Q: 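I have a structure here, written as structure tokens, and I will follow up with some questions on it.
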Number of protein chains: 2
Amino acid sequence: MRHARLPASEEIALEDVFHALSDPFRLEVVRRLATEGEQSCQALEGDRPKSSVSHHFRVLREAGLIRTRNEGVTRMNALRRDDIEQRFPGLLACVAPRRDD
Amino acid sequence: MRHARLPASEEIALEDVFHALSDPFRLEVVRRLATEGEQSCQALEGDRPKSSVSHHFRVLREAGLIRTRNEGVTRMNALRRDDIEQRFPGLLACVAPRRDD
DNA sequence: TCGATAGTTCGATATTTTTCGAACTTTGGC
DNA sequence: GCCAAAGTTCGAAAAATATCGAACTATCGA
């Protein structure tokens, strides 16, 4: 499987982050990753077809907001909390509550 | 002149703010309003036609990011710094340097 | 090796945004 | 009242995004 482009922390662009978060579904995904931690795609799909869900996860990935790893047959998505915080301190706090962990 | 819709502080929606800031021209406008204070539209237009500039200012206004007042024949645009800070603390700090004033 | 599961990719269509000229509005000055 | 300056609005065309089915890929288990 070809791997999606994942920008390094210092390559994350504010415009891209804002664009990614301007969609209600994607904003909700980020919030849930923030509160609930790593999730599979289907755990967060809200009865959308998978191609649509996959598209939104890709936008989040390419903007630098999430990282995806394989775990068996599923793909687990995690918020790149530290990378985002380092690049744009305070941004995540505006968006998503801190996870209690 | 009919006045554009200006959301109250508590009506400002994060999605709208993110959408407004996802355009490079609008992000730059917000940064300049933040550093240089109130500006006319034409002071910030970068050789774009005025209808295009006007469109972008409208998006910023409707998202709740700026406020516009008449001053003679020009319209002065100001960042709604306090309203945004109250609604989404820390957001502006990610975007725009604080104005020294 | 054969299914089944979880996503991804492709392609086509629909929706949303952006762009820009032309006409219009408002205000100030002569 | 008339003109100029600064924006706004309208409408149409171009560009970017979103949506969704169908075909494809990768991994696990039997």
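As the structure is a computational prediction, the values presented were derived from the model and not from experiment. Naming: A, B, ... by sequence-line order, numbering from 1 per chain.
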Q: Closest-nucleotide mapping onto DNA chain C: is Phe57(A) or Val73(A) further toward the 5' terminus? I mean the 5' end.
A: Val73(A)
Q: Measure CD/Glu15(A) against P/dT17(D) and give the value in whole Å, please.
A: 12 Å
Q: Whether Arg61(B) contacts dT8(D) is assessed here as follows: a side-chain N or O lying under 4.0 Å from the phosphate OP1 or OP2. Is that the case?
A: yes
Q: Closest approach to the side chain of Arg26(B), judged atom by atom: which nucleotide of dT18(C), dG7(D), dA6(C) is it?
A: dT18(C)
Q: Counting only side-chain N and O atoms of Arg75(A), is one of them less than 4.0 Å from OP1 or OP2 of dT8(C)?
A: yes
Q: Provide, to the nearest angstrom, the distance between the CG atom belonging to Leu44(B) and the P atom belonging to dA6(D).
A: 14 Å
Q: Is there a salt bridge (Lys or Arg N to Asp or Glu O under 4.0 Å) between Arg58(B) and Glu62(B) once you walk through the steps?
A: CA-CA 6 Å; Arg58(B) 185 217 277 248; Glu62(B) 295 187 347; 3.4 Å; yes
Q: Salt bridge check: are Arg87(A) and Glu11(A) linked by an N-O gap of less than 4.0 Å?
A: no
Q: Please verify the inter-ring angle class for Phe18(B) with Phe18(A); under 30° counts as parallel, over 60° as perpendicular, anything in between as tilted.
A: parallel
Q: Given dT8(D), dG21(C), dT17(D), identify the nucleotide with an atom nearest to the side chain of Ser54(B).
A: dT8(D)
Q: Under 4.0 angstrom, heavy atoms only, what part of the nucleic acid is His56(B) near: base, sugar-phosphate, or nothing?
A: sugar-phosphate
Q: Find the distance Phe25(A):CZ to dC20(D):P and express it as a whole number of Å.
A: 11 Å
Q: Looking only at the side chain of His55(B) (C-beta and beyond, no hydrogens), which of the listed nucleotides dA18(D), dT18(C), dT8(D) gets closest?
A: dT18(C)
Q: With respect to the side chain of Pro49(B), which nucleotide from dT8(C), dA18(D), dG21(C) is positioned closest?
A: dG21(C)
Q: Consider the side chain of Ser51(A), meaning its heavy atoms from C-beta on, and name the nucleotide among dT17(C), dC10(D), dG21(D) that approaches it most closely.
A: dG21(D)
Q: Can you check the Glu62(B) CD to dT9(D) P distance for me, whole Å?
A: 9 Å
Q: Could you pick out which residue, Glu71(A) or Ser52(B), lies toward the 5' side of DNA chain D when each is mapped onto its nearest nucleotide?
A: Ser52(B)
Q: Tell me which nucleotide among dG21(C), dG7(D), dT18(C) gets nearest to the side chain of Gln42(B).
A: dG7(D)
Q: Can you check salt bridge (Lys or Arg N to Asp or Glu O under 4.0 Å) on Arg26(A) and Glu28(A), steps first, answer last?
A: CA-CA 5 Å; Arg26(A) 292 191 297 253; Glu28(A) 184 57 25; over 6 Å; no
Q: We want to know whether Thr68(B) and Arg61(B) form a side-chain donor-acceptor pair, criterion being a heavy-atom distance below 3.5 angstrom.
A: yes
Q: For a quick test of reading the model: is some side-chain N or O of Arg58(B) closer than 4.0 Å to OP1 or OP2 of dG7(D)?
A: no
Q: How close or far is atom C1' of dA4(D) from atom NZ of Lys50(B), stated in whole angstroms?
A: 10 Å
Q: Grab the CG-P distance between Leu60(B) and dT17(C) for me, whole Å please.
A: 14 Å
Q: Nearest of dT8(D), dG7(C), dT18(C) to any side-chain atom of Val59(B)?
A: dT18(C)
Q: Strictly distance-based, threshold 3.5 Å: is any side-chain N or O of Glu38(B) a donor or acceptor partner for the main-chain N or O of Leu33(B)?
A: no
Q: Measure from the side-chain heavy atoms of Thr74(A) and tell me the nearest of dA5(D), dA6(C), dA18(D).
A: dA6(C)
Q: Tell me the interatomic distance from Asp23(A), atom CG, to dT15(C), atom C1', rounded to whole angstroms.
A: 13 Å
Q: To the nearest angstrom, how far is Glu45(A) atom CD from dT5(C) atom P?
A: 14 Å
